[in-house]
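Note sheet for the following structure.
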Amino acid sequence: MTFDEIPMTWYDPAVFIEVKPNYSQKGVYDWPEKVLLAGHKLATGTLEPGQTHQITRGDEAIAYFGRGSIGAEQVAAFRKVNKTTPLFVTALEDDAAAIKAEGTITFTGAAAQSTVLRFKIAGRQVRMTALATDAVADLATKLAAAINDDADIVVTAEAAAGVVTVTAKNGGEIGNDIDLRVDTLAQPVPSGLTIAIADMAGGAGNPDLQAVLDLIENSWFTKLVHPWSDVTNVQLFSDWLKTRYVATAKLDCHGFTGKRTTYGEAVSLGDLTNCAFLTLSCLNRSPASSWVHAAADCALAAFHLSNDPARQLKSLVVTGVEAPDAEDQFTQEERNLLLQHGISTYLHLDDGSTVINRMVTTYKMTSLGVTDDAWMDIMVPATMSRIRYDWSAYFNTLYPRAKLIDDNKQFQTRRGEGDTAAGSAVVSPGRIKGTWAARCQRYGGLVWIENVEETIKTSTFERDPNNKNRTNARQIVQVVGNQMVFASSLEFLA
């Protein structure tokens, strides 16, 4: 028996009682979820690059990133889905050589009757009254004014000769993901009037994500979401996420970003990386911007995987992400292929909402190029991160100053009873295995892992033959499966 406060050489009569916790029945440690949102700011934003701040109020994002910025929309999208997870923000501003994306809305003809015209610009409702007496120039002027009256929208507008030119407020390739459309479902266009949309295009020169990655090199963040899905930043992001997960870093972080893409573009994006810690959010022509989708996905994962890392996210509604039109939605065959290329898939309901079908990582193959699905689902890295964090915290809590000896009869414990002598200053590989066995019973009880007895049996612990201060272990777990596919032969008697 060992004491931390009572000396062994005290002879004066006294009663000394140390008070300290016994952790032998300690439950699983809470996962310290902490999200960093890297946002794209305007010049009016007060958050300077190189700073991080926690967001506790909605209007803070507007001040930090600027009203009508992509960054402010990202935060709003995250908080619409998840109001409880600690959220921190950092900012990048336009690249010095950035080009802003532009699109056009062109009026021709004349409305046969006065009516209200409805548009969706970057997913936001914009409306104007078109009079039968209005010329196309009048209509364009009214629409541009209606767009500019919405200070929170991520574009500006100018009218000339019946054409409204829409320009992204933030520069860069990211502006090409902004959606422009006439909301004909809400209000048909009257006969005699034609409205033509030219999609946003021409944006170039996203900010360099490296500045954000350098800023948090040694900081604990469990999720990182950003809006820049160009080739350079996606590959840079993937490489950085991999380095966070190695044993010597142990700063597990899962990344999210997204892109407005066609099927072919989504395949190309997924094939850019092979990373078990990166999730890509892709839809074809959704009214919602790609950064809104990525922020909402991150918010859902942060909340639900913190509660249960092993449970799939299928059927969760991605709040704020409106379904593409039916003809723009990926087919079942396309979704199946997208999953094979590391792109998460979604279903769309009749009410226009979007739900998760299967959230995956971009991991597809081993380092030797062999097809592999070991890290495919986001629950796998989430569960393994949770077990690694809990085991490390529990081990260090039980044995912070322990001496290490070889296994012998005195310290050998039966499987599953390794915590019965918790607090002893001496450990052996056998006793550590007993502690691991007891911990695995907890993981099994939470249904994070299955076949617990086999896990305990196949896990090995030994003292390093060349270093008396080191224990080597191989701890094998089987992450629980999820019901993804049901295959049946439904037969009838003829």
Side-chain angles (χ1 to χ4, degrees), residues 33-38 206 208-259 261 265-282 290-291 293-295 297-302 305 309-310 312-313 335 337-346 356-389 479:
E33 191 74 58
K34 184 180 178 185
V35 177
L36 178 68
L37 185 154
N206 280 343
D208 186 351
L209 184 64
Q210 188 63 57
V212 171
L213 306 183
D214 290 343
L215 176 65
I216 62 169
E217 181 179 4
N218 298 311
S219 302
W220 175 265
F221 287 102
T222 57
K223 305 284 188 297
L224 171 56
V225 57
H226 69 80
W228 306 289
S229 57
D230 56 278
V231 172
T232 300
N233 279 325
V234 168
Q235 291 179 329
L236 181 68
F237 195 27
S238 170
D239 292 342
W240 179 83
L241 290 166
K242 292 176 185 177
T243 65
R244 298 277 289 195
Y245 204 82
V246 298
T248 51
K250 208 168 59 178
L251 290 168
D252 304 11
C253 182
H254 199 93
F256 295 83
T257 191
K259 189 174 180 64
T261 83
E265 291 168 343
V267 167
S268 298
L269 181 64
D271 288 345
L272 282 177
T273 66
N274 188 54
C275 179
F277 320 108
L278 173 62
T279 291
L280 298 176
S281 308
C282 297
S290 58
W291 52 85
H293 189 182
D297 272 2
C298 177
L300 283 170
L305 294 179
Q312 63 177 313
L313 304 179
R335 293 197 303 271
L337 291 169
L338 287 172
L339 289 168
Q340 297 174 45
H341 290 275
I343 301 295
S344 297
T345 57
Y346 306 84
I356 295 171
N357 184 45
R358 189 167 185 174
M359 186 173 284
V360 298
T361 75
T362 67
Y363 179 86
K364 300 169 286 291
M365 64 187 70
T366 69
S367 58
L368 296 177
V370 179
T371 300
D372 181 29
D373 63 0
W375 294 89
M376 176 181 179
D377 288 297
I378 192 173
M379 300 86 71
V380 175
T383 303
M384 295 307 295
S385 288
R386 193 68 175 271
I387 290 174
R388 176 162 71 172
Y389 177 85
V479 176

Given Asp252, which of Arg244, Arg388, Arg386 fulfils the side chain to side chain contact (heavy atoms under 4.5 Å, CB included) condition?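 The residue from Arg244, Arg388, Arg386 that satisfies side chain to side chain contact (heavy atoms under 4.5 Å, CB included) with Asp252 turns out to be Arg388.
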Return yes if some donor-acceptor pair links the side-chain N/O of [X] with the main-chain N/O of [Y] below 3.5 Å, else return no.
| X | Y | result |
| --- | --- | --- |
| Lys364 | Thr273 | yes |
| Thr383 | Pro309 | yes |
| Ser385 | Pro381 | yes |
| Asp230 | Asn233 | yes |
| Thr362 | Cys275 | yes |
| His226 | Trp228 | yes |

Verify whether one side chain among [X] and [Y] offers a donor that lies under 3.5 Å from an acceptor in the other.
| X | Y | answer |
| --- | --- | --- |
| Tyr363 | Asp373 | no |
| Thr366 | Asp372 | no |
| Gln235 | Asp239 | no |

Run His254 and Leu241 through side-chain contact (heavy atoms from CB on, under 4.5 Å) and show every step you take. CA-CA 7 Å; His254 199 93; Leu241 290 166; over 6 Å; no
Intermediate values then yes/no, side-chain contact (heavy atoms from CB on, under 4.5 Å), Tyr245 and Cys253: CA-CA 7 Å; Tyr245 204 82; Cys253 182; over 6 Å; no
Just do the salt bridge (Lys or Arg N to Asp or Glu O under 4.0 Å) check on Glu33 and Lys223 with the steps written out, would you? CA-CA 8 Å; Glu33 191 74 58; Lys223 305 284 188 297; 3.0 Å; yes
Spacing of [X] atom [atom1] and [Y] atom [atom2] [to the nearest 0.5 Å]:
| X | Y | atom1 | atom2 | result |
| --- | --- | --- | --- | --- |
| Met379 | Thr361 | CE | OG1 | 10.5 Å |
| Asn274 | Ser367 | CG | OG | 9.0 Å |
| Cys282 | Lys259 | SG | NZ | 8.5 Å |
| Leu280 | Phe237 | CG | CZ | 9.5 Å |
| Phe256 | Met359 | CZ | CE | 5.5 Å |
| Ile343 | Arg358 | CD1 | CZ | 14.0 Å |

Can you see which heavy atom on [X] is nearest to which on [Y], and at what distance?
| X | Y | value |
| --- | --- | --- |
| Ala266 | Thr261 | CB-OG1, 3.2 Å |
| Val360 | Gly342 | CG2-C, 4.0 Å |
| Val380 | Ala374 | CG1-O, 3.6 Å |
| Trp375 | Ala276 | CB-CB, 3.5 Å |
| Pro227 | Ala38 | CD-O, 3.3 Å |
| Val35 | Ala302 | CG2-CB, 3.8 Å |

Step by step, work out the side-chain contact (heavy atoms from CB on, under 4.5 Å) result for Trp220 and Leu36. CA-CA 10 Å; Trp220 175 265; Leu36 178 68; over 6 Å; no
Heavy-atom check, side chain of [X] versus side chain of [Y], under 4.5 Å:
| X | Y | result |
| --- | --- | --- |
| Met365 | Val370 | no |
| Leu213 | Leu236 | yes |
| Val267 | Leu338 | yes |

Where does the angle between the aromatic ring planes of His293 and Tyr346 fall among parallel (under 30°), tilted (30 to 60°) and perpendicular (over 60°)?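 Geometry flag for Tyr346 against His293: perpendicular rings.
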Test side-chain contact (heavy atoms from CB on, under 4.5 Å) on Leu224 and Leu37; report intermediate values, then the result. CA-CA 6 Å; Leu224 171 56; Leu37 185 154; over 6 Å; no
